Amino acid sequence: MIESRVSVVPWFKILGVSIASVVLVGDSVKIKPKSKALAVHRQIALFDAYEGSFDYPAFKKEIGEVEKELPEEPFEMTTVQETGTINVRDVYIYALSSSAIYQVGSTRKIDAESRVMHIRQFVTNPESAVIDKNLINLENGPATNPPKKKA
Amino acid sequence: MNFQVVNKELCVGSVRVVGVTSSSIFIIGDTETINLSSTFDTPAESFIVGPFMTLPSDETEEEEDYND
């Protein structure tokens, strides 16, 4: 096992942690978060909390491990730590989601997995929808740019 | 193959991150093995046009082994 350093982070702030995410202060041996999500996008926003299942190929298909695909070349790694610490003054994170990890400290193995199945449901065909040409104005640039104020 | 790493002094100021999502990591420390996988599937049959229907649900609860 490689020699690990001490991590020093005097201040950090995180606003949100969700769906199998980990915030860890200190050392660990193995972290293995796993998440499965059905992302349902509906024209009519009606949802029943008990509907749906994970019975889709997206949740069953094996994800091959990288180790198995690497050529078997003898490999030796040595790490020299000249100083015993890693210093970070401050960290600010908005959000961690879907098997995400934030750790201040060392670990040996990280094995994260996230699977999302995306479903879109429409009542009327969006492809045959009439597009209002008045909403498209290419002269004023993209819609994300607010109109400039005149002095 | 021989691979030698020399870690010298490491000092970082402020770090600001908006999002860490879908099997991603942000680590201040040392590690040996990292294996991150993420899939996002939106097949043609998941695009549904028709009368409003809830998604089929299954009654059986699957059990998973979290031991290893």
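Labels below follow one simple rule: chain letters A, B, ... track the order of the sequence lines, proteins then strands, and each chain is numbered from 1. Predicted, not measured: the structure shown is a model, and the values here were computed from it.
Of all heavy-atom pairs between B/Gly29 and A/Ser7, the closest is CA-OG, 3.5 Å. Contact between A/Val123 and B/Val49 at its shortest, heavy atoms only, is O-CG1, 4.4 Å. The two residues A/Asp90 and B/Ser14 have their closest heavy-atom pair at OD1-OG, 2.6 Å. Minimum heavy-atom separation, B/Met53 to A/Arg42: O-NH2, 3.7 Å.
Qualifying side chain to side chain contact (heavy atoms under 4.5 Å, CB included) partners for A/Ile19, counting only residues two or more places apart in sequence or in other chains: A/Ser35, A/Ser97, A/Ser98. Under the side chain to side chain donor-acceptor pair (under 3.5 Å) criterion, A/Lys60 pairs with A/Asp55, not counting sequence neighbours.
Ring orientation note: the planes of A/Tyr102 and B/Phe26 are close to parallel, at an angle under 30° on the 30°/60° scale.
Only the backbone of A/Thr85 comes within less than 4.5 Å of a heavy atom in chain B; its side chain stays farther off. With a 4.5 Å cut-off on non-hydrogen atoms, A/Val9 touches chain B through its side chain but not through its backbone. Contacts of A/Val22 with chain B are absent, with no heavy-atom separation under 4.5 Å from either backbone or side chain. With a 4.5 Å cut-off on non-hydrogen atoms, A/Leu24 does not touch chain B at all. Only the backbone of A/Tyr50 has a heavy atom closer than 4.5 Å to any heavy atom of chain B. Of the atoms belonging to B/Ser24, it is backbone heavy atoms, and not side-chain ones, that fall under 4.5 Å from chain A.
For A/Glu76, the CD atom counts as loosely surrounded, since its 6.0 Å shell holds 12 or fewer non-hydrogen atoms of other residues, nucleotides or ligands. By the 6.0 Å contact criterion, OH on A/Tyr92 is enclosed, its count of non-hydrogen atoms from other residues, nucleotides or ligands being greater than 12.
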(message) Determine whether B/Asn7 and A/Thr79 satisfy the following criterion, side chain to side chain contact (heavy atoms under 4.5 Å, CB included), listing intermediate values before the conclusion.
(response) CA-CA 7 Å; B/Asn7 290 325; A/Thr79 314; 3.5 Å; yes
(request) Start with the C-alpha distance between B/Val15 and A/Val88, add both sets of side-chain angles, then the distance that settles side chain to side chain contact (heavy atoms under 4.5 Å, CB included), and finish with yes or no. (result) CA-CA 8 Å; B/Val15 180; A/Val88 178; 3.9 Å; yes
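Residues B/Cys11 and A/Arg89 have side chains not in contact (no heavy-atom distance under 4.5 Å, counting atoms from C-beta outward). Looking at A/Ile110 and B/Ile25, their side chains come closer than 4.5 Å, going by heavy atoms from C-beta outward. Annotation: side chain of B/Val6 is not in contact with side chain of A/Gln81 (no heavy-atom distance under 4.5 Å). Here the side chains of A/Ile119 and B/Ile48 are in contact, with some heavy-atom distance below 4.5 Å. With a 4.5 Å cut-off on side-chain heavy atoms, A/Ile101 and B/Ile27 do not count as touching. Residues B/Thr39 and A/Val116 are not in side-chain contact: their nearest non-hydrogen atoms beyond the backbone lie 4.5 Å or more apart. In this structure, B/Val5 and A/Val80 have side chains that are not in contact, with every pair of non-hydrogen atoms separated by 4.5 Å or more.
Taken to the nearest 0.5 Å, the CG atom of B/Asn35 stands 9.5 Å off from the NZ atom of A/Lys32.
Listed for the B/Thr33 side chain is no donor-acceptor partner under 3.5 Å among the backbone atoms of A/Lys109. A/Gln103 contributes no side-chain N or O that, together with a main-chain N or O of B/Ile28, makes up a donor-acceptor pair within less than 3.5 Å. A donor-acceptor pair is defined here as one N or O able to donate and one able to accept, closer than 3.5 Å; such a pair exists between the side chain of A/Glu51 and the backbone of B/Leu55.
Checked against B/Phe47 for a side chain to side chain contact (heavy atoms under 4.5 Å, CB included), the options A/His118, A/Gln121, A/Arg120 give a single hit: A/Arg120.
Defined by atom type and a distance below 3.5 Å, a donor-acceptor pair is missing between the side-chain atoms of A/Asp48 and B/Thr54.
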